[in-house]
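To start, the structure under review is shown below, and the notes come after it.
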Amino acid sequence: MDTDRARAARKACLEVLEGQRKAATARRAFREAAEEAGILIGDAVRVPIPKAVKRKR
């Protein structure tokens with residue numbers, strides 16, 4: 001589905017990857033888009049996000 005909310009969520013996710021926006025903002029936009037599309041499962045179980053691991057070169 002290509003709605004204003006879906007486009008905003010994609011843009012927010014890209015901006016997070018580019019360091020221009022906080023993840024919480026993208027998460028909220030993604031949630032709103034999923035809710036609008038009727039595919040939001042819920043927040044009953046939250047899986048912890050693993051911390052970034054630096055790789056050895």
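This chain uses plain numbering: 1 for the first residue, then up along the sequence. These figures come from a predicted structure and were not determined experimentally.
- Considering only residues two or more places apart in sequence or on other chains, K11 meets the side-chain hydrogen bond (donor to acceptor under 3.5 Å, both in side chains) condition with E15.
- Note that the CD atom of E32 and the CD atom of E36 stand 9.0 Å from one another [nearest 0.5 Å].
- To the nearest 0.5 Å, atom CZ of residue R27 and atom SG of residue C13 are 10.0 Å apart.
- Between R5 and A33, the shortest heavy-atom contact is O-CB, 3.7 Å.
- Under the side-chain hydrogen bond (donor to acceptor under 3.5 Å, both in side chains) criterion, R7 pairs with D2, D4, sequence neighbours left out.
- Contact detail for V16 and A26: the closest heavy-atom pair is CG2-CB, 3.6 Å.
- Residues that satisfy the side-chain contact (heavy atoms from CB on, under 4.5 Å) test with A34, not counting sequence neighbours, are I39, L40.
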